[in-house]
Engineer: 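Sharing a structure here in structure tokens format.
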Amino acid sequence: MTTPSISQELIDRKIRVYIVDDHPLVRSGLTALIHNESDIEVCGEAGNYATALREMVALVPDVAIVDLSLANGSGLELIKSIRSFTPRVRICVFSVHDEAVFGLRVLKAGAFGYVAKQDAADRVITAIRRLARGQRFMSDVVVSQLLEPLAGGSAPDLASTLSDRELEVMVLIGQGSTTREIAARLHVSMKTVESHRMRLKQKLKLQRGSELLQYCVQWVRSHSG
């Protein structure tokens with residue numbers, strides 16, 4: 001017997017959505033938005049990595065809305081964990097970060113959609129319905145990035161050479177976090193963060209910590225909504 005698809009199972013019930021964002025106002029706003037839709041319901045929410053993963057394993061929602069920037073953990077790592085423990089859950093990223101930078105990374109991590117927080121609210125609802133039907137929801141920017149290698153696209157920028165963790169560290173530096181704060185947020189040692197900082201300087205061709213800080217601040221400003 002074959003396993004029915006998500007869309008087949010949803011014929012006679014609502015789409016169950018789980019929300020992960022460390023800002024209570026964002027969670028309440030999304031919940032209110034979804035409450036207005038007759039075919040979608042919120043089955044749970046969390047503001048941190050550990051609670052989100054634990055509850056999603058128990059609840060197995062149809063769609064998870066996940067922010068990349070979590071106060072206690074990594075959104076990218078959460079996506080990978082969700083895919084490992086509950087592969088049926090379709091994940092949509094909801095973030096202030098530039099989709100042109102993070103779009104391919106979240107696809108590789110296991111997400112199926114990406115909605116920028118500055119976009120119109122109805123895009124979230126459209127994304128939820130498409131993911132529940134087994135489709136993806138990505139912008140033309142990401143689709144063109146997927147096609148670039150086939151068309152001999154232009155050379156990647158420096159940030160694209162970074163690992164997921166290095167990019168996360170760069171964003172946190174740009175947001176003003178100290179080494180200690182980054183270590184606590186990502187659940188790694190301060191020595192590990194210092195190693196990431198060293199590799200960032202090497203890859204970005206920077207000599208001093210002050211240059212790295214300036215680069216990270218400017219990068220975050222230019223890639224956030």
Engineer: Taking Leu25's backbone N and O only, do any of them form a donor-acceptor pair with Ser28's side chain (distance below 3.5 Å, no angle check)?
Structural biologist: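 Yes, because the side chain of Ser28 sits within donor-acceptor range (under 3.5 Å) of the backbone of Leu25.
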
Engineer: Do you know the tightest heavy-atom contact between Gly75 and Val66?
Structural biologist: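 Closest approach of Gly75 to Val66, heavy atoms only: O-CG1, 4.4 Å.
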
Engineer: Looking at side-chain heavy atoms only, is the closest gap between Thr179 and Glu194 below 4.5 Å?
Structural biologist: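 They are in side-chain contact.
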
Engineer: Treating Ile, Leu, Val, Met, Phe, Trp and Tyr as nodes and any side-chain heavy-atom pair under 4.5 angstrom as an edge, say whether Val89 and Leu59 lie in one connected cluster.
Structural biologist: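 Val89 clusters together with Leu59.
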
Engineer: Work out which heavy atom in Thr86 is nearest to a heavy atom in Val57; give both atom names and the distance.
Structural biologist: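 Result for this residue pair: CG2-CA, 3.6 Å.
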
Engineer: Salt bridge between Glu211 and Lys201, side-chain N to carboxylate O under 4.0 Å?
Structural biologist: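 Judged by the 4.0 Å cut-off on N to carboxylate O distance, Glu211 and Lys201 do not form a salt bridge.
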
Engineer: With rounding to the nearest 0.5 angstrom, report the CD to CG distance, Glu37 to Asp122.
Structural biologist: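 Separation between the atoms: 9.5 Å.
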
Engineer: With a 4.5 Å heavy-atom cut-off, do Val115 and Cys92 have their side chains touching?
Structural biologist: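 They are in contact (side-chain heavy atoms under 4.5 Å apart), so the answer is yes.
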
Engineer: Using side-chain contact (heavy atoms from CB on, under 4.5 Å) as the criterion, list what pairs up with Lys117, not counting sequence neighbours.
Structural biologist: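 Per chain and number, Lys117 pairs via side-chain contact (heavy atoms from CB on, under 4.5 Å) with Asp21, Val26, Asp67, Phe94, Val96.
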
Engineer: Does Asp22 pair with Arg27 as a salt bridge, N-O distance under 4.0 Å?
Structural biologist: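 No.
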
Engineer: Is the CE atom of Met190 crowded by more than 12 outside heavy atoms at less than 6.0 Å?
Structural biologist: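 More than 12 within 6.0 Å, yes.
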
Engineer: Taking only residues two or more places apart in sequence or in another chain, which ones pass salt bridge (charged side-chain N to carboxylate O under 4.0 Å, His left out) with Arg180?
Structural biologist: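 Partners of Arg180 under the salt bridge (charged side-chain N to carboxylate O under 4.0 Å, His left out) test: none.
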
Engineer: Tell me whether His187 at atom NE2 has more than 12 heavy atoms from other residues, nucleotides or ligands lying less than 6.0 Å away.
Structural biologist: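 Check passes, neighbour count above 12.
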
Engineer: Report yes if some heavy atom in the side chain of Val217 is under 4.5 Å from a heavy atom in the side chain of Ile173; otherwise report no.
Structural biologist: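 Side chain of Val217 against side chain of Ile173, heavy atoms only: no contact under 4.5 Å found.
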
Engineer: Please name all residues satisfying side-chain contact (heavy atoms from CB on, under 4.5 Å) with Ser189, sequence neighbours left out, ordered by chain then number.
Structural biologist: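 Here the qualifying residues are Lys191, Thr192.
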
Engineer: For Arg197 versus Leu212, what's the shortest heavy-atom pair and its separation?
Structural biologist: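 Reported closest heavy-atom pair: O-CD2, 3.9 Å.
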
Engineer: Counting distance only, does the side-chain N/O of Asp62 pair as donor-acceptor with the main-chain N or O of Arg16 below 3.5 Å?
Structural biologist: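 Checking the backbone N and O of Arg16 against the side chain of Asp62, a donor-acceptor pair under 3.5 Å is found.
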
Engineer: So which heavy atom on Gly110 is nearest to which on Arg83, and how close?
Structural biologist: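 Shortest heavy-atom contact: O-CD, 3.2 Å.
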
Engineer: Check whether any side-chain heavy atom of His35 sits under 4.5 Å from a side-chain heavy atom of Val42, and report yes or no.
Structural biologist: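 They are not in side-chain contact.
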
Engineer: Provide the closest heavy-atom pair for Leu33 versus Ala121 in the form atom of the first, atom of the second, distance.
Structural biologist: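 It is CD2-O, 3.6 Å.
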
Engineer: Would you check if Phe102 and Val171 make a side-chain contact, meaning some heavy-atom pair closer than 4.5 Å?
Structural biologist: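 Touching, per the 4.5 Å side-chain cut-off.
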
Engineer: Is any side-chain heavy atom of Phe137 less than 4.5 Å from a side-chain heavy atom of Arg123?
Structural biologist: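 SC-SC contact between Phe137 and Arg123 confirmed.
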
Engineer: Tell me, do Glu77 and Leu186 make a side-chain contact under 4.5 Å, heavy atoms counted?
Structural biologist: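 A side-chain contact is absent here, since even the closest heavy-atom pair is not under 4.5 Å.
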
Engineer: For Ile79 and Ala111, which heavy atoms make the closest approach, and how far apart are they?
Structural biologist: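 Taking every non-hydrogen atom into account, CG2-N, 3.7 Å.
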
Engineer: Given side chain to side chain donor-acceptor pair (under 3.5 Å), test Tyr18 with Glu45 step by step and report yes or no.
Structural biologist: CA-CA 5 Å; Tyr18 193 96; Glu45 64 176 64; over 6 Å; no

Engineer: Any carboxylate oxygen within less than 4.0 angstrom of a Lys/Arg side-chain nitrogen, looking at Asp164 and Lys80?
Structural biologist: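 Answer for the salt bridge query: yes.
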
Engineer: Under the side-chain contact (heavy atoms from CB on, under 4.5 Å) rule, what do Arg130 and Arg136 come out as? Steps first, then yes or no, please.
Structural biologist: CA-CA 6 Å; Arg130 287 194 186 176; Arg136 294 184 183 273; over 6 Å; no

Engineer: Answer yes or no: is there a side-chain heavy-atom contact under 4.5 Å between Arg199 and Leu162?
Structural biologist: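 A side-chain contact under 4.5 Å is absent here.
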
Engineer: So, does Arg185 use its side chain to make a donor-acceptor pair with the main chain of Leu70 at under 3.5 Å?
Structural biologist: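 Side chain of Arg185 to backbone of Leu70: a pair is present.
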
